[in-house]
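Along the sequence shown, residues carry numbers from 1. Excluded from the calculations below are hydrogen atoms, water molecules and symmetry mates; all remaining heavy atoms, backbone and side chain alike, are included.
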Amino acid sequence: MGKKKESENLAKELADTFERWEYLKEHGGSDPFYADGGSMNLERNHIIYYKQKMVEEYGRDYEKYPEIFYREPPPEVDDNYMARAGEIRDGAAQALEYYISDPNFLYLLANKDLLTEKEAKQISLYNVLGYASGLASAIKDGDLISMRRHAGRPEGYLESFAQCATRMMKLIDEKKKEPELVQGNVQLSLFQFGMETGRCR
C-alpha cells in the first residue's frame, strides 16, 4: 500500500510540475527578485528529478510508469525570460503615473527639506520616495523584474505614501509648536535668573 501511494504521489508531483512550468511560461510568476526563465528552468529540473525517481523505483516494469512519464521535458529557456513583458511595461508606466500625481507623494516631495536627517530616517522618507524614483529607473533600464513589483498592484505603494505623509504631518506640526515652548522656557529661565540675582524688583 505504501509503495502504491508513493507511486501515485510521484505521478501527481510530475504532473503538477509540468503544469507549473506551463503557467510560468504563459502568465509568469510573482517572484520579486528572479525572472520567470529561472523559475521555469527550476521546474524543468524538478521534472527530470521526478522522472529519474520513477526509473529508480520501477526499473523495467514498464506497466507501472504513468502516462505523464512519457511526456518530453520542456526545453531549457533563457534565465532572463519574462512572460507578459508588454503588459508589465504598460502596468509599470501606469503605476508611475499614479505615484507622481498622488497628493501624498507630492506632499512628501514638497516638504522633505523641513525634516532633519534623523526625522527623515525615522519615518523611512527616503525609502518611500524611492519607490517612485526606483520604478522610473526600472522603466528606463528595462528592468522587468522591478517593474513587475509595481505593475497591476500600485495600491500598496500608494498606501505607503499615505502612511508616510501622515507621520510627516505629525512631525511638522510638532516642530511648529516647539518655538512657543522654547520661548516660554527661555522667558521662565530669565525670570528665575532675575529673581536669583536680585535684578527683578
*Taking all non-hydrogen atoms of both residues, which atom of M168 and which atom of N111 are closest, and how far apart?*
SD-CB, 3.7 Å
*Sort and list the pairs that fulfil salt bridge (charged side-chain N to carboxylate O under 4.0 Å, His left out) and have at least one residue in residues 126-140, not counting sequence neighbours.*
none
*With sequence neighbours excluded, give me every salt bridge (charged side-chain N to carboxylate O under 4.0 Å, His left out) pair touching residues 70-80.*
E22-R71
_Taking ring pair (Phe, Tyr, Trp, His ring centres under 6.0 Å) as the definition, give me every residue that meets it alongside F105, ordered by chain and number, with sequence neighbours left out._
F161
*With sequence neighbours excluded, tell me which residues meet ring pair (Phe, Tyr, Trp, His ring centres under 6.0 Å) with Y98.*
none
*Carboxylate-amine/guanidinium contact R20 D16, below 4.0 Å*: no
*Charged N-O contact under 4.0 Å between K53 and E13*: no
*Under the salt bridge (charged side-chain N to carboxylate O under 4.0 Å, His left out) test, residues paired with D141 that sit two or more places apart*: none
*Tell me, please, which residues at least two apart from R153 pass salt bridge (charged side-chain N to carboxylate O under 4.0 Å, His left out).*
none
_Which residues end up grouped with V77 if you chain together Ile, Leu, Val, Met, Phe, Trp and Tyr wherever their side-chain heavy atoms are less than 4.5 Å apart?_
W21, L24, M40, Y81
*Going through the checks in order, is the salt bridge (charged side-chain N to carboxylate O under 4.0 Å, His left out) test met by E57 and K64?*
CA-CA 9 Å; E57 183 174 340; K64 290 185 177 179; over 6 Å; no
Under a 4.5 Å cut-off applied to non-hydrogen side-chain atoms, are [X] and [Y] in contact?
X: L14; Y: F18; result: yes
X: I172; Y: L115; result: yes
X: L108; Y: K112; result: no
X: Y23; Y: E43; result: no
X: M54; Y: P66; result: yes
X: F69; Y: V55; result: yes

*Nearest 0.5 Å, what's the CG-CG distance between L109 and D102?*
11.5 Å
*Would you give the length of the straight line joining atom OG of S101 to atom CG of L106, rounded to the nearest 0.5 angstrom?*
7.0 Å
*Same hydrophobic cluster for L42 and Y50, using side-chain heavy-atom links shorter than 4.5 Å among ILVMFWY?*
no
*All pairs passing side chain to side chain donor-acceptor pair (under 3.5 Å) where residues 24-37 contributes a residue, at least two apart*: D36-R148
*asked:* For residues 158-169, which residue pairs pass the side chain to side chain donor-acceptor pair (under 3.5 Å) check, not counting sequence neighbours?
replied: E159-Q163
*Show your reasoning for whether salt bridge (charged side-chain N to carboxylate O under 4.0 Å, His left out) applies to K170 and D173.*
CA-CA 5 Å; K170 185 177 179 182; D173 285 344; over 6 Å; no
*Would you confirm whether Y65, through its side chain, and G59, through its main-chain N or O, come within 3.5 Å as a donor-acceptor pair?*
yes
When the side chains of residues 122-135 are checked against the rest of the protein, which donor-acceptor pairs come out under 3.5 Å, sequence neighbours left out?
| residue | atom | partner | partner atom | Å |
| --- | --- | --- | --- | --- |
| S133 | OG | G130 | O | 3.4 |

*Would you mind listing every ring pair (Phe, Tyr, Trp, His ring centres under 6.0 Å) that reaches into residues 135-156, with sequence neighbours excluded?*
Y99-H150, H150-Y157
*Check whether more than 12 heavy atoms from other residues, nucleotides or ligands sit under 6.0 Å from atom OH of Y70, and answer yes or no.*
yes
Donor-acceptor contacts under 3.5 Å from residues 85-97 side chains, at least two apart:
| residue | atom | partner | partner atom | Å |
| --- | --- | --- | --- | --- |
| E87 | OE2 | R84 | NH1 | 3.1 |

